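Predicted model, so just to flag it, every value in this text is computed and none were measured. Convention: sequence-line order gives letters A, B, ...; per-chain numbering from 1.
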2 protein chains.
Amino acid sequence: MTSAAKGSPSPRLTRNQAMVYDALVSASGAMTAYQLLDALRAEGLNAPPQIYRALQRLTDIGLVHRLESTHAFVACQHGDGTGHDTAAFAICDDCGDVVELSDARLARDLRSLADGSGFTPHRASIELHGTCERCRPAND
Amino acid sequence: MTSAAKGSPSPRLTRNQAMVYDALVSASGAMTAYQLLDALRAEGLNAPPQIYRALQRLTDIGLVHRLESTHAFVACQHGDGTGHDTAAFAICDDCGDVVELSDARLARDLRSLADGSGFTPHRASIELHGTCERCRPAND
DNA sequence: CGGGCGAACGTTATGATATAACAACAACGC
DNA sequence: GCGTTGTTGTTATATCATAACGTTCGCCCG
């Protein structure tokens with residue numbers, strides 16, 4: 001699986017950016033910057049700035065999201081389009097799996113909640129920690 | 001959820017915990033651990049673990065919230081009661097001011113969104129970045 | 001062609017955030 | 001007293017992230 005551009009506004013990725021993005025997609029989960037660095041040393045990336053610069057660009061264009069609460073990064077699970085600014089993440093504290101959730105109602109509620117305080121939101125970080133379906137104890 | 005004792009709002013803080021909490025309340029805003037350390041050196045706190053331990057306890061009992069996206073800590077702005085597990089924060093990127101928002105509808109939306117994915121949430125981190133009322137350009 | 005220029009690169013060094021580990025001590029029940 | 005438990009103070013170190021600098025790349029335009 002390669003770093004093919006997706007939808008509308010995806011400029012071509014540079015080599016480093018493609019390597020980082022591919023690593024995140026292959027991981028099918030979140031990775032920290034230093035995990036990416038370790039994974040990509042074999043391919044010639046040697047120092048943190050190379051990773052962080054690629055991640056900066058990838059998050060800027062919406063291909064990658066940053067998980068603030070775990071200091072990790074995850075490839076966008078949507079078709080790249082909209083909703084990035086209010087994406088929510090369900091992070092399993094047991095297995096580390098991350099699922100990206102998007103919901104118009106949630107976005108609307110957040111916006112109205114902010115408006116009620118005179119606040120103009122620019123971006124949101126919404127991260128749920130808990131237990132995913134597969135890790136939940138079998139009892140109901 | 002809401003496990004803080006109702007009868008005793010403050011479970012007797014130790015000296016260090018009280019110093020850290022007082023510093024956060026006086027700041028009327030967010031502070032990083034190292035800002036707290038600098039502020040409290042004069043009172044005898046010398047090393048990061050002393051700060052982090054106090055913060056750990058204060059967040060455990062709900063008197064302090066951690067802002068994941070800014071690596072900072074803020075005193076709870078509620079009357080201490082419930083809603084801590086789904087509190088949202090509006091963080092002004094201009095002046096740094098932080099307002100704690102709480103909304104039952106938001107909490108419900110998040111829960112139902114998670115349930116739809118078979119996810120069982122334990123805690124949420126909801127942080128809005130943007131511009132507060134006072135910092136917003138006057139037109140618009 | 002080739003000069004200019006902005007973006008990306010590689011590298012070194014350092015800054016910022018957070019925790020491990022351990023010895024000393026206080027508070028408390030018995 | 002004496003153990004148990006939790007907090008403290010301290011040193012050292014782990015983890016996360018960026019500053020700064022010169023070099024190279026891609027590409028437009030003269």
Ignoring hydrogens and angles, write down the donor-acceptor pairs under 3.5 Å from the side chains of residues 33-49 of chain B, residues two or more places apart or on other chains.
{"unit_1": "B:Gln35", "atom_1": "OE1", "unit_2": "B:Thr32", "atom_2": "N", "d": "2.8"}
{"unit_1": "B:Arg41", "atom_1": "NH1", "unit_2": "B:Asn46", "atom_2": "O", "d": "3.2"}
{"unit_1": "B:Asn46", "atom_1": "ND2", "unit_2": "B:Gly44", "atom_2": "O", "d": "3.3"}

What's the shortest heavy-atom distance between [X] and [Y], and which atoms?
X: B:Leu106; Y: B:Ala88; answer: CD2-CB, 4.1 Å
X: B:Ala54; Y: B:Val20; answer: CB-CG2, 3.7 Å
X: A:Ser102; Y: B:Leu113; answer: O-CD1, 4.3 Å

(request) Considering only heavy atoms of chain B and a distance under 4.0 Å, specify the first and last nucleotide of DNA chain D in 5' to 3' order that meet this criterion. (result) D:dT7 to D:dT11

(request) Using a cut-off of strictly less than 4.0 Å between a heavy atom of the residue and any atom of DNA chain D, enumerate the qualifying residues of residues 46-56 of chain A by number. (result) A:Pro48, A:Pro49, A:Tyr52, A:Arg53

(request) Using the heavy-atom set of chain B and a strict 4.0 Å cut-off, write down the first and last nucleotide of DNA chain C that makes it in, 5' to 3'. (result) C:dT17 to C:dA21

Please report, to 0.1 Å, the donor-acceptor pairs under 3.5 Å made by any side chain of residues 22-29 of chain B, with sequence neighbours excluded.
{"unit_1": "B:Ser26", "atom_1": "OG", "unit_2": "B:Asp22", "atom_2": "O", "d": "2.9"}

(request) Provide the full list of ring pair (Phe, Tyr, Trp, His ring centres under 6.0 Å) pairs with a residue in residues 88-124 of chain A, sequence neighbours left out, each pair given once. (result) A:His65-A:Phe89

(request) For the residue pair B:Thr120 and A:Arg136, confirm or rule out a side-chain donor-acceptor distance under 3.5 Å. (result) yes

(request) With sequence neighbours left out, write down each residue that passes side-chain contact (heavy atoms from CB on, under 4.5 Å) with B:Thr14, or none if nothing qualifies. (result) B:Asn16, B:Gln17

(request) Would you please name every residue forming a side-chain contact (heavy atoms from CB on, under 4.5 Å) with A:Arg108, sequence neighbours left out? (result) A:Arg105

(request) Please examine the side chains of B:Leu58 and B:Leu13, heavy atoms only from C-beta on, and report whether any two atoms are closer than 4.5 Å. (result) yes

(message) Can you pull out every side-chain hydrogen bond (donor to acceptor under 3.5 Å, both in side chains) where at least one residue sits in residues 123-135 of chain B? Sequence neighbours excluded, please.
(response) B:Ser69-B:Glu127, B:Ser69-B:His129, B:Asp93-B:His129, B:Ser125-B:Glu127

(message) Determine whether a donor-acceptor pair (N or O, by modelled atom type, separation under 3.5 Å) exists between the side chain of A:Gln77 and the backbone of A:Val98.
(response) yes

(message) Return whichever of A:Tyr34 or B:Leu45 has its heavy-atom-nearest nucleotide of DNA chain D closer to the 5' end.
(response) B:Leu45

(request) Just report the end-to-end axis angle for the helix from C:dC1-D:dG30 to C:dC30-D:dG1, five pairs per end, to 10 degrees. (result) 20°

